[in-house]
Amino acid sequence: MTASRAHRRGPSASLTRDVHSADGHDPAGQIRPSGAAVTPVTPVPPVVPESRTHLLRTTVPAHPSRASGVRSMVAEYLIRLRVPPECVDNAVLATGELFANAIRHGSRPGAGDVITVTIECTRRDLRVTVADRSSALPRPRTAEGAEESGRGLAIVAALADDWGIAPPETGTTGKRVWFALAFQETR
């Protein structure tokens with residue numbers, strides 16, 4: 001089950017800088033055509049090297065007190081990978097919403113349940129998956145005016161380029177809820 005494509009935003013300011021080579025660095029000693037002007041440019045490394053996928057997986061107790069740590073972990077990891085700030089912010093917020101949903105709807109209080117958060121980052125996109133042990137599928141709903149809950153999936157849909165629900169990994173029970181963010185092309 002996949003939600004409809006969310007509204008796309010324009011490129012982040014951090015993605016509009018000029019990059020001279022595929023690896024983001026101005027190649028030293030490059031031969032330039034005679035008379036070509038050389039403009040100094042601050043090197044901007046790509047989000048993730050072309051051939052690599054970065055993967056981070058962590059399992060944490062299904063308890064509201066862990067939400068802040070999960071959001072911090074996502075932010076620190078993505079910043080270290082040099083993901084554009086807007087994508088970091090969107091990923092942190094969407095992950096926080098999915099984590100809160102997994103605690104509220106996918107775990108039993110005091111049962112020792114855990115939630116697994118997986119981040120997969122390539123040069124082109126980012127995918128975050130939040131898995132819990134409940135087989136109950138999330139259902140988007142419309143929250144009434146003053147209600148304090150019921151907007152989580154709508155927030156995820158607004159922030160992400162795509163999102164959906166997947167069955168649990170082989171040998172486990174529950175479900176996985178994921179979202180994806182596509183990076184703007186830097187070349």
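Numbering starts at 1 and runs along the sequence shown.
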Checklist outcome for this item: SG (Cys87) and CG (Asp161) are apart, to the nearest 0.5 Å, by 8.0 Å
Next on the checklist: Are Tyr77 and Ile119 packed together at the side-chain level, in the sense that at least one heavy-atom pair is separated by less than 4.5 angstrom?
Outcome noted: yes
Checklist entry - Rounded to the nearest 0.5 Å, what separation is found between the CG atom of Leu56 and the CD atom of Glu76? => result 10.5 Å
Next on the checklist: Quick check: do Ile115 and Thr59 have side-chain heavy atoms less than 4.5 Å from each other?
Outcome noted: no
Checklist entry - Going through the checks in order, is the side-chain contact (heavy atoms from CB on, under 4.5 Å) test met by Asn101 and Val177? => result CA-CA 10 Å; Asn101 283 353; Val177 183; over 6 Å; no
Item to check | Residue pair Val130 / Arg176, side-chain heavy-atom distance below 4.5 Å | outcome: no
Checklist entry - In terms of hydrophobic clustering (I, L, V, M, F, W, Y; side-chain heavy atoms under 4.5 Å; direct or indirect links), are Leu78 and Leu55 co-clustered? => result no
Item to check | Path from Val114 to Val128 over hydrophobic side-chain contacts below 4.5 Å | outcome: no
Checklist entry - What's the shortest heavy-atom distance between Ala94 and Val156, and which atoms? => result O-CG2, 3.8 Å
Checklist entry - To the nearest 0.5 Å, what is the distance between CG (Leu137) and NE2 (His105)? => result 12.5 Å
Item to check | Which residues share a side chain to side chain donor-acceptor pair (under 3.5 Å) with Arg57, sequence neighbours left out | outcome: Thr118, Glu169
Checklist outcome for this item: Here the pair of heavy atoms bringing Cys121 nearest to Val83 is SG-CG2, 4.0 Å
Checklist entry - Does Pro168 offer a backbone N or O that forms a donor-acceptor pair with the side chain of Thr172 under 3.5 Å? => result no
Checklist entry - Is there a donor-acceptor pair closer than 3.5 Å between any side-chain N or O of Lys175 and the backbone N or O of Ser134? => result yes
Using atom types as modelled, flag every donor-acceptor pair under 3.5 Å from a side chain in residues 61-73 to any protein atom, sequence neighbours excluded.
residue: His63; atom: ND1; partner: Ser65; partner atom: N; Å: 3.1
residue: His63; atom: ND1; partner: Ser65; partner atom: OG; Å: 2.8
residue: Ser72; atom: OG; partner: Ser68; partner atom: O; Å: 3.1

Checklist entry - Checking side-chain contact (heavy atoms from CB on, under 4.5 Å) for the pair Ser135/Thr173: CA distance, chi angles, key distance, verdict? => result CA-CA 7 Å; Ser135 60; Thr173 60; over 6 Å; no
Checklist entry - Stepwise, does the side-chain contact (heavy atoms from CB on, under 4.5 Å) test hold for Trp178 with Leu98? => result CA-CA 8 Å; Trp178 58 270; Leu98 292 185; 6.0 Å; no
Checklist entry - Are the side chains of Thr129 and Val117 in touch, meaning some heavy atoms are under 4.5 Å apart? => result no
Checklist entry - Closest approach of Phe179 and Ala91, non-hydrogen atoms and distance? => result CZ-O, 3.6 Å
Checklist entry - Under a 4.5 Å cut-off applied to non-hydrogen side-chain atoms, are Leu126 and Phe183 in contact? => result yes
Item to check | Donor on one side chain, acceptor on other, Thr53 and Thr122, under 3.5 Å | outcome: no
Checklist outcome for this item: When rounded to the nearest 0.5 Å, the distance separating CD1 of Ile155 from CD of Glu97 is 4.0 Å
Item to check | Minimum-distance pair of heavy atoms, taken over all atoms of Val88 and Ala75 | outcome: CG1-CA, 4.1 Å
Item to check | Worked verdict on Thr58 versus Thr116 for side-chain contact (heavy atoms from CB on, under 4.5 Å) | outcome: CA-CA 6 Å; Thr58 188; Thr116 301; over 6 Å; no
Checklist outcome for this item: In terms of heavy-atom contacts, Ala160 and Leu181 come closest through CA-CD2, 3.6 Å
